[in-house]
Undergrad: 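Pasting in a structure now, in structure tokens, and then I'll have a few things to ask.
Worth knowing before you read on, the calculation uses all heavy atoms, side chains too, and leaves out hydrogens, waters and symmetry mates.
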Amino acid sequence: MATQEEIDAARRQIERLRDQHANDVIALVRLVDDGALKGEAGDRLAADLRAWDQAFKDMFTRALSLLDSLRPSAQGKGAAPR
């Protein structure tokens, strides 16, 4: 069972990864939209990037929801390990 400190650390890590991912995908979409890859291939790549972005957003949302459902263990300051 995770302590509240571990749950909080996991939340911060997931939020950091979510924000980093969003920035990276936005940069890629902008490159494609600005003409880095033209034509049908560029259109397909842009659509794939948007789908990938949505899938990752959903994954991060599910991960954060899972953390919200956890009940921290009583182990921590002053508690005896099992």
Side-chain angles (χ1 to χ4, degrees):
M1 194 74 133
T3 64
Q4 186 62 50
E5 292 81 17
E6 292 168 327
I7 293 170
D8 293 342
R11 174 175 298 286
R12 286 189 302 273
Q13 179 71 4
I14 291 168
E15 289 171 344
R16 185 188 65 74
L17 289 170
R18 179 194 60 198
D19 295 343
Q20 179 182 346
H21 162 78
N23 293 334
D24 291 346
V25 171
I26 288 168
L28 287 171
V29 169
R30 284 184 182 153
L31 279 172
V32 173
D33 285 345
D34 289 344
L37 188 61
K38 298 180 188 230
E40 188 177 325
D43 294 341
R44 281 196 317 263
L45 180 57
D48 288 347
L49 286 169
R50 287 183 180 94
W52 184 48
D53 182 46
Q54 188 58 53
F56 270 95
K57 284 179 182 176
D58 292 344
M59 180 193 61
F60 290 127
T61 299
R62 284 192 308 272
L64 291 170
S65 294
L66 177 62
L67 284 178
D68 290 340
S69 71
L70 292 178
R71 294 185 184 174
S73 67
Q75 188 173 353
K77 292 183 181 177
R82 293 183 183 187

Undergrad: Apply side chain to side chain contact (heavy atoms under 4.5 Å, CB included) to A10 and list each qualifying residue two or more places apart in sequence or on a separate chain.
TA: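 Testing A10 for side chain to side chain contact (heavy atoms under 4.5 Å, CB included), a comparison that skips the adjacent residues, returns L67.
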Undergrad: Listed by chain and number, what are the side chain to side chain contact (heavy atoms under 4.5 Å, CB included) partners of V25, not counting sequence neighbours?
TA: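 Checked V25 against side chain to side chain contact (heavy atoms under 4.5 Å, CB included); matches are H21, V29, W52, D53.
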Undergrad: Excluding sequence neighbours, so at least two apart, what forms side chain to side chain contact (heavy atoms under 4.5 Å, CB included) with D24?
TA: Q20
Undergrad: Who are the side chain to side chain contact (heavy atoms under 4.5 Å, CB included) partners of D58, not counting sequence neighbours?
TA: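 Partners of D58 under the side chain to side chain contact (heavy atoms under 4.5 Å, CB included) test: Q54, R62.
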Undergrad: Group every Ile, Leu, Val, Met, Phe, Trp and Tyr by side-chain heavy-atom contacts under 4.5 Å, then state whether L17 and L66 land in the same group.
TA: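 Different hydrophobic clusters.
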Undergrad: Excluding sequence neighbours, so at least two apart, what forms side-chain hydrogen bond (donor to acceptor under 3.5 Å, both in side chains) with E15?
TA: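 In terms of side-chain hydrogen bond (donor to acceptor under 3.5 Å, both in side chains), with neighbours along the sequence ignored, E15 is linked to no residue.
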Undergrad: Of all heavy-atom pairs between E6 and M1, which one has the smallest distance, and what is that distance?
TA: OE1-O, 4.2 Å
Undergrad: Can you list the residues that meet the side-chain hydrogen bond (donor to acceptor under 3.5 Å, both in side chains) rule with D68, with sequence neighbours excluded?
TA: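 Listed in chain order: R11.
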Undergrad: Mind checking what makes side-chain hydrogen bond (donor to acceptor under 3.5 Å, both in side chains) contact with D8, not counting sequence neighbours?
TA: Q4
Undergrad: Does I26 belong to the same Ile/Leu/Val/Met/Phe/Trp/Tyr cluster as L45, with side-chain heavy atoms less than 4.5 Å apart forming each link?
TA: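 The answer is no; the residues belong to distinct hydrophobic clusters.
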Undergrad: So, taking the atom named CZ in R18 and the one named CE in M59, what distance separates them when rounded to the nearest 0.5 Å?
TA: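 Between atom CZ of R18 and atom CE of M59 there are 11.0 Å.
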Undergrad: Is the CZ atom of R16 crowded by more than 12 outside heavy atoms at less than 6.0 Å?
TA: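 Yes, enclosed.
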Undergrad: Taking only residues two or more places apart in sequence, or in another chain, which ones meet D33 in a salt bridge (charged side-chain N to carboxylate O under 4.0 Å, His left out)?
TA: R50
Undergrad: So, taking the atom named OG in S73 and the one named CD1 in I7, what distance separates them when rounded to the nearest 0.5 Å?
TA: 7.5 Å
Undergrad: Looking only at heavy atoms, which two atoms of A46 and V32 are closest? And how far apart?
TA: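 Shortest heavy-atom contact: CB-CG1, 3.9 Å.
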Undergrad: Sort and list the pairs that fulfil side-chain hydrogen bond (donor to acceptor under 3.5 Å, both in side chains) and have at least one residue in residues 35-45, not counting sequence neighbours.
TA: E40-R44
Undergrad: Do P72 and T3 come within less than 4.5 Å of each other through their side chains, counting heavy atoms only?
TA: no
Undergrad: Got a second to check how far I14's CD1 is from R12's CZ, nearest 0.5 Å?
TA: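 So the CD1 of I14 and the CZ of R12 are separated by 11.5 Å.
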Undergrad: If you look only at pairs with a residue in residues 22-49, which of them pass as a ring pair (Phe, Tyr, Trp, His ring centres under 6.0 Å), with sequence neighbours excluded?
TA: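 Output for this query is empty, none listed.
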